[in-house]
Amino acid sequence: MGPIFTKPALLPAVVALAFASAAVYAADPPHSTVAAIKAENARWADAFKQGDYQAIGRLYTDDGTLLQPGDDRVVGPAAIAKYFTAGYAGKAPDTVTFSDAEFYGNDEAVTEVSNSTIRGHDGKLKSRGKQALIFLKQGGVWKLHRDIWNDNGPLKPGDR
């Protein structure tokens, strides 16, 4: 008896199983799940606009992690709140909007890939970027588990 791939009759079954498994992970989550994730994004944006960085920390899992550019990982709600508090100390809060979201997953884990725009309290554009977020459902509540982002580079003349 040789390797499974030497059995021509089994190869189509193995290929079909591989594609079926990939489809489960790449499937669109249910509409209610997408709506719940968008609501969590709105809560995050509202807390950011209010400068309530403790509230932002509470939106993450116990081992939720920021994977921000140019620095070490920040792990856990308290450390995440501290990161934002230190980063915005003495500054008026900014606003953030998220757009062009793609969602992948199911009713327990969802990955979001989206764009972000940050504006100062005066409405002036500060940055544009993109992010990949992983949400986990814990105790019936969606929480951010991994948060990675980067900006699109220096703003160009005419950016609004």
Side-chain angles (χ1 to χ4, degrees), residues 21-160:
S21 298
V24 168
Y25 291 103
D28 292 330
H31 177 72
S32 59
T33 297
V34 170
I37 297 295
K38 287 181 177 182
E40 290 305 307
N41 285 338
R43 287 179 49 180
W44 200 103
D46 186 56
F48 190 68
K49 182 178 181 178
Q50 301 303 319
D52 188 350
Y53 307 119
Q54 297 301 314
I56 286 176
R58 290 189 297 272
L59 297 175
Y60 289 80
T61 61
D62 289 343
D63 61 342
T65 303
L66 299 181
L67 301 165
Q68 74 283 10
D71 209 346
D72 293 331
R73 293 174 183 227
V74 177
V75 181
I80 290 168
K82 182 178 178 181
Y83 169 85
F84 284 105
T85 300
Y88 284 91
K91 300 175 189 171
D94 290 335
T95 60
V96 63
T97 54
F98 305 111
S99 62
D100 301 321
E102 306 167 24
F103 298 96
Y104 308 94
N106 53 41
D107 60 354
E108 294 179 22
V110 171
T111 299
E112 173 188 337
V113 178
S114 57
N115 295 326
S116 62
T117 302
I118 298 176
R119 296 186 179 277
H121 67 282
D122 59 359
K124 185 177 177 185
L125 180 63
K126 292 179 86 172
S127 84
R128 284 198 174 108
K130 55 240 171 240
Q131 60 190 12
L133 308 171
I134 299 173
F135 289 86
L136 297 180
K137 196 171 198 180
Q138 295 184 333
V141 177
W142 286 101
K143 297 269 189 173
L144 268 162
H145 186 59
R146 298 293 182 264
D147 185 349
I148 183 170
W149 72 89
N150 58 50
D151 67 27
N152 291 349
L155 297 174
K156 298 170 187 79
D159 279 347
R160 297 181 198 164

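Basis for what follows: all heavy atoms, side chains included, without hydrogens, waters or symmetry-related copies.
- Pairing each heavy atom of Pro30 with each of Asp107, the nearest pair is CD-N, 4.4 Å.
- To the nearest 0.5 angstrom, Glu108 atom CD is 10.0 Å from Thr33 atom OG1.
- Under the side chain to side chain donor-acceptor pair (under 3.5 Å) criterion, the residue pairs touching residues 64-82 are Thr65-Arg146, with sequence neighbours excluded.
- Between Pro77 and Gly57 the shortest heavy-atom distance is CB-O, 3.1 Å.
- Between Leu136 atom CG and Trp142 atom CH2 the span is 7.5 Å, to the nearest 0.5 Å.
- We find the CG-CG distance between Asp147 and Leu67 to be 7.5 Å, quoted to the nearest 0.5 Å.
- Here the straight-line distance linking atom CG of Asp94 with atom OG1 of Thr117 works out to 12.0 Å at 0.5 Å rounding.
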CA sep, side-chain torsions, deciding dist, call: Leu59, Glu40, side chain to side chain contact (heavy atoms under 4.5 Å, CB included): CA-CA 8 Å; Leu59 297 175; Glu40 290 305 307; 3.6 Å; yes

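- Screening Asn152, Asn115, Asp100, Asp151 for a side chain to side chain donor-acceptor pair (under 3.5 Å) with Lys130, the sole residue that qualifies is Asn152.
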From CA spacing to verdict: side chain to side chain contact (heavy atoms under 4.5 Å, CB included), Trp149, Leu133: CA-CA 8 Å; Trp149 72 89; Leu133 308 171; over 6 Å; no

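- Rounded to the nearest 0.5 angstrom, His31 NE2 and Phe103 CZ are separated by 11.0 Å.
- Defined by atom type and a distance below 3.5 Å, a donor-acceptor pair is present between the side-chain atoms of Glu112 and Asn41.
- Classification of the Tyr88-Tyr53 ring pair by plane angle, with boundaries at 30° and 60°, yields parallel.
- Rounded to the nearest 0.5 angstrom, Ile80 CD1 and Thr85 OG1 are separated by 11.5 Å.
- Within the 4.5 Å cutoff, the side chain of Asp63 has heavy atoms near those of the His145 side chain.
- Nearest heavy-atom pair, Ala55 versus Ala47, reported as atom, atom and distance to 0.1 Å: CB-CB, 3.9 Å.
- The closest donor-acceptor contact from the side chain of Asp46 to the backbone of Lys49 lies at 3.5 Å or more, if one exists at all.
- Heavy-atom contacts from other residues, nucleotides or ligands closer than 6.0 Å to CZ of Arg43 number 12 or fewer.
- For Ser116 against Gln131, the heavy-atom pair with the smallest separation is CB-OE1, 4.4 Å.
- With sequence neighbours excluded, no residue satisfies ring pair (Phe, Tyr, Trp, His ring centres under 6.0 Å) with Phe98.
- The number of heavy-atom neighbours closer than 6.0 Å to NZ of Lys143, taken from other residues, nucleotides and ligands shown, is above 12.
- Below 30°, between 30° and 60°, or above 60°: for Phe84 and Trp44 the angle between ring planes is above 60°, a perpendicular geometry.
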